[in-house]
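Residue numbers begin at 1 in each chain, while the letters A, B, ... track the order of the sequences.
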Number of protein chains: 2
Amino acid sequence: MIDHYGDRPVYKQLADILRDQIYSGAVPPGKQLPSDLYLSQMHRLGRGTVRRAVEVLQNEGLVTRDKGQRATVREQSPRDVVLLEPGDEVSGRMPNDAERRSLGLPVGEPILEVRRRGGYVDVFPGAATTLRVPSAED
Amino acid sequence: MIDHYGDRPVYKQLADILRDQIYSGAVPPGKQLPSDLYLSQMHRLGRGTVRRAVEVLQNEGLVTRDKGQRATVREQSPRDVVLLEPGDEVSGRMPNDAERRSLGLPVGEPILEVRRRGGYVDVFPGAATTLRVPSAED
DNA sequence: CTTGATTTGTACGTATGTATT
DNA sequence: AAATACATACGTACAAATCAA
């Protein structure tokens with residue numbers, strides 16, 4: 001239940017509820033969350049508050065949102081495997097808006113940045129890429 | 001200038017302006033952005049629209065926000081170096097709210113997830129960690 | 001140290017436009 | 001064509017943290 005008098009903001013409480021439903025499988029990948037209107041009536045909240053809650057999940061990479069469609073639970077992306085080389089250095093960061101568009105990334109997906117020995121840098125979508133350190137078998 | 005009649009939403013236009021000021025060094029790391037009130041008057045926008053713009057930059061990891069303080073441009077974190085091993089696999093994702101708190105991560109910082117050969121998983125803050133593939137010198 | 005001003009955070013409501021069903 | 005649903009943008013109000021005198 002939503003507690004309007006507690007310390008935790010209402011929109012985070014709703015985000016917690018919806019996140020639990022996703023983690024538990026009650027709303028599995030590919031399925032949609034209820035509409036803004038339904039959630040706002042169900043929990044007696046303003047629509048803006050509901051939207052903030054869903055936005056939290058979007059920024060966590062759990063759901064995608066498209067205009068006119070209800071928020072959809074993200075499926076696990078098929079991962080490209082990229083082999084790393086000795087001396088490579090990996091870090092993570094969020095893309096800016098232009099990068100996200102040019103790489104076709106959904107909101108909530110980070111970038112893996114690989115700095116190669118030569119000095120140049122490769123970027124990969126964080127949730128759709130596995131960077132692998134070669135072992136004897138490779 | 002903000003174009004109220006263009007296709008690009010106003011809050012993204014303002015985010016673009018502020019992002020440029022950060023990238024260009026006009027507002028360097030450690031310095032603060034102008035207040036909501038200043039920006040809303042300067043650009044003739046509602047405060048909510050300004051806050052959405054700054055939120056964009058927060059989710060990109062460019063600024064941190066704390067109640068009562070203006071948004072601050074993030075400094076480059078000192079990076080811990082972690083050595084990878086043969087067979088390790090690296091991917092990236094966003095933390096959920098609980099993870100972010102327990103790891104002490106700012107909003108907009110992704111997690112680097114390292115799956116080790118043995119099967120267990122280590123997580124590191126994406127912007128404060130360099131994962132290094134050992135080379136001959138190491 | 002205390003007070004008052006500034007500033008952010010949350011939550012509500014309303015309205016309009018646009019995409020999907 | 002109509003109903004549903006999301007996206008944007010405005011406004012108001014109050015609480016809480018910070019800052020400055």
query: Is there a donor-acceptor contact under 3.5 Å from the side chain of R70(A) to the main chain of L33(A)?
result: yes
- prompt: Hey, is the main chain of G126(B) close enough, under 3.5 Å, to the side chain of T129(B) for a donor-acceptor pair?
  reply: no
- line: When rounded to whole Å, the CG to P distance for the pair L33(A) and dA5(D) reads 13 Å
- prompt: Below 4.0 angstrom, N of the basic side chain to O of the carboxylate: do K12(A) and D16(A) qualify?
  reply: no
- request: Return the value, rounded to whole Å, for the distance between atom CG of L37(B) and atom P of dT12(D).
  value: 13 Å
message: How many whole angstroms separate atom OH of Y5(A) from atom P of dC14(D)?
response: 15 Å
- prompt: DNA chain C: Q13(A) or Q32(A), which has the more 5' nearest nucleotide?
  reply: Q13(A)
field: Nucleotide forming a Watson-Crick or wobble pair with dT16(C), both distances under 3.5 Å
entry: dA7(D)
field: Integer-rounded Å distance: dT7(C) P and L39(B) CG
entry: 11 Å
- request: Would you indicate whether the side-chain heavy atoms of L18(B) and V63(B) approach each other to under 4.5 Å?
  value: no
Stepwise salt bridge (charged side-chain N to carboxylate O under 4.0 Å, His left out) check, R117(B) with E85(B): CA-CA 9 Å; R117(B) 293 233 59 178; E85(B) 299 170 24; over 6 Å; no
Close side-chain approach of E89(B) and R79(A), heavy atoms under 4.5 Å: no
field: Distance in angstrom units between D36(B) CG and dA16(D) P, rounded
entry: 19 Å
message: Rounded to whole Å, please give me the gap between CG in L14(A) and P in dT10(C).
response: 14 Å
- prompt: Between D3(A) (CG) and dA11(C) (P), how many Å, whole number?
  reply: 11 Å
- prompt: Hey, mind stepping through R51(A) and L45(A) against side chain to side chain contact (heavy atoms under 4.5 Å, CB included) and telling me if it holds?
  reply: CA-CA 10 Å; R51(A) 290 185 58 70; L45(A) 304 175; over 6 Å; no
Nucleic acid contacts of residues 59-72 of chain B, taken as heavy-atom distances under 4.0 Å to DNA chain C: R65(B), D66(B), K67(B), G68(B), Q69(B), R70(B)
- request: Output the single nucleotide from dA11(C), dT8(D), dT8(C) whose closest atom is nearest the side chain of P9(B).
  value: dT8(D)
field: Value rounded to 0.5 Å, distance of CG in N59(A) from CG in N59(B)
entry: 4.0 Å
- prompt: Is the phosphate of dA9(D), meaning OP1 or OP2, less than 4.0 Å from a side-chain N or O of Y11(B)?
  reply: no
field: I2(A) CD1 to dT10(C) P, straight-line distance once rounded to whole Å
entry: 14 Å
- prompt: Are any of the side-chain heavy atoms of D3(B) and Q13(B) separated by less than 4.5 Å?
  reply: yes
- line: Within residues 40-58 of chain B, the residues having a heavy atom closer than 4.0 Å to DNA chain C are R47(B), R51(B)
